[in-house]
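Note on naming: letters A, B, ... go to the chains in the order of the sequence lines (proteins, then strands), and numbering restarts at 1 for each one. Predicted model, so just to flag it, every value in this text is computed and none were measured.
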2 protein chains.
Amino acid sequence: MATKERESSSWEVPRLTPGARAALDAAGRLFYERGITAVAVESVAEAAGVTKKTVYDRFKSKSALVCAYLSERDSRYRGWVESWIAEHPETPPVLAVFDALDAWMTARGPKGCAFVHAHAQLLDTPEHPAHRVINGQKQWLHDTFRDLAHDAGVRSADALAAELLCLHEGACVMHSTTDITDAVTRARRAAHVLLQDALATGGRSAPGRK
Amino acid sequence: MATKERESSSWEVPRLTPGARAALDAAGRLFYERGITAVAVESVAEAAGVTKKTVYDRFKSKSALVCAYLSERDSRYRGWVESWIAEHPETPPVLAVFDALDAWMTARGPKGCAFVHAHAQLLDTPEHPAHRVINGQKQWLHDTFRDLAHDAGVRSADALAAELLCLHEGACVMHSTTDITDAVTRARRAAHVLLQDALATGGRSAPGRK
DNA sequence: TTACTACTATACTCATCGGTATGGCAACTA
DNA sequence: TAGTTGCCATACCGATGAGTATAGTAGTAA
């Protein structure tokens with residue numbers, strides 16, 4: 001359940017050869033730090049220590065490479081959040097998501113959300129397959145918040161999920177566009193208040209499953 | 001106070017000639033809809049009904065045009081929010097900001113925040129002067145929230161401001177990356193809860209200034 | 001009349017970049 | 001031994017785009 005099989009699309013990469021792995025790693029760094037459209041495939045190849053030909057032999061196109069990059073990042077973040085929740089059973093899961101985000105930001109650079117950035121960088125090509133990956137990431141986050149809220153006993157879990165997602169996304173954005181460094185901490189505190197409010201006013205529904 | 005004089009920078013445009021006005025209008029549409037890096041100066045000129053030469057005669061460079069675009073949008077949004085607050089004295093100002101955002105989104109297309117998008121699109125050039133405009137816009141929003149919260153009697157106005165900014169930014173992001181259409185409404189409700197909580201637990205400080 | 005301003009029109013330079021072509025080499029496998 | 005796979009190296013094509021150059025026109029102000 002943690003690693004749900006994603007439908008195989010045109011850009012899907014079955015198994016990664018060493019060259020493909022190196023290219024995808026380099027793409028992960030460069031696309032995130034400098035932006036997708038600003039980084040040439042040539043640069044990715046150079047940083048990976050392979051030739052441009054190899055990149056195109058492993059990935060059909062730059063679009064496919066971009067999708068692989070975002071898809072892998074998506075998987076990583078999902079795994080990160082899910083294992084954080086599992087490893088911190090004493091923390092209310094809804095809040096643990098924010099702790100996971102905080103730790104993720106600390107571990108890697110606080111440069112903002114790769115998916116939000118990708119969306120902006122690919123604004124001119126709405127048909128770009130990466131948009132499906134981007135939407136999928138946000139949808140997963142929303143559904144996760146909704147399920148966790150529901151399990152916590154919140155009746156209007158769907159509404160709360162949207163509010164929590166606001167906080168999550170907003171905290172990421174603030175890390176990239178403001179000097180505020182404790183945005184995630186603030187978002188977590190706000191989430192705590194919203195959760196308490198939802199439990200107090202909306203009332204508890206069923207006891208949390210499992 | 002509504003239209004505070006901004007310091008004149010290298011990209012500042014004193015008075016706009018008809019050609020410059022047309023170019024800036026076209027840039028405003030195209031940069032926002034398709035993205036800054038994806039739109040050529042040539043395209044802006046064509047859409048404006050002027051020649052590329054005219055654009056470069058009025059604006060030193062594409063960077064200057066981008067700054068003028070963002071700066072003008074910044075001014076417009078500030079004015080929009082400030083007059084919305086003034087025209088709705090019955091609404092708590094902190095919440096009126098979200099109403100203003102909602103109305104702004106409804107009036108124009110809900111395509112997300114131009115500044116967040118610009119930041120992502122200009123990731124590779126940290127020295128780009130537009131980053132100052134972007135940071136300025138977010139700083140203004142934060143300071144506005146802080147002042148309004150303080151006026152409402154919130155003691156920890158600075159902390160609340162960061163949380164409200166999270167909600168504001170998050171709601172914008174959700175409009176561009178998810179199918180959730182009532183993000184601003186949800187953010188407003190969350191802001192209401194946070195405000196009540198801040199007033200109840202943090203306690204009121206001084207009575208709101210005039 | 002002169003000079004400046006705002007503009008049109010077109011052509012050009014230079015750089016970047018997505019993607020392809022060609023050709024070759026080493027390892028593994030049928 | 002033959003074929004396939006994964007890779008290297010290099011060159012190339014076509015498109016796009018920032019910015020410049022040149023030359024000319026209409027209005028306006030000294």
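Residue Thr17(A) is classed as a sugar-phosphate contact, given heavy-atom separations below 4.0 Å to backbone atoms only. Looking at heavy-atom distances under 4.0 Å, Val39(A) makes contact with sugar-phosphate atoms alone, never a base.
For the pair Arg76(B) and Trp80(B), the NZ or CZ position fails the cation-pi test of under 6.0 Å to the six-membered ring centre and within 45 degrees of the ring normal.
Protein atom NZ of Lys62(B) is 11 Å distant from nucleotide atom C1' of dT16(D), rounded to whole Å. Spacing between atom CZ of Arg34(A) and atom C1' of dC17(C) amounts to 15 Å, rounded to whole angstrom units. For the pair Arg21(A) CZ and dT5(D) C1', the computed distance is 19 Å after rounding to whole Å. For Phe59(A) and dT20(C), the CZ to P distance is 16 Å, given to the nearest whole Å. What separates NZ of Lys60(B) from P of dA18(D) is a distance of 19 Å, to the nearest Å.
Pairing each heavy atom of Gly112(B) with each of Tyr32(B), the nearest pair is O-OH, 2.6 Å.
If you find the closest nucleotide of DNA chain C to Lys53(A) and to Thr37(A), the one lying nearer the 5' end belongs to Thr37(A). Looking at which nucleotide of DNA chain D each of Asp57(A) and Glu42(A) is closest to, the 5′-most match is held by Asp57(A).
Distance alone, capped at 3.5 Å, is enough to place a donor-acceptor pair between the Lys62(A) side chain and the Ile36(A) backbone.
In this model, a side-chain donor or acceptor of Lys52(A) finds a partner on the base of dG19(C) within 3.5 Å.
Between Arg58(A) and dC7(D), a side-chain N or O to OP1/OP2 separation shorter than 4.0 Å is present. Proximity of Ser61(A) to the phosphate of dG19(C): no side-chain N or O atom is located under 4.0 Å from OP1 or OP2.
Listed nucleotides: dA18(D), dT8(C), dG19(C). Nearest to the side chain of Tyr56(A): dG19(C). With distances taken from any side-chain atom of Ala40(A) to the nucleotides dC17(C), dT8(C), dC8(D), the minimum falls on dC17(C).
A 6.0 Å sphere centred on CZ of Arg34(B) holds no more than 12 heavy atoms belonging to other residues, nucleotides or ligands.
Only one option out of His168(A), Glu169(A), His119(A) pairs with Lys138(A) in a side chain to side chain donor-acceptor pair (under 3.5 Å); it is Glu169(A).
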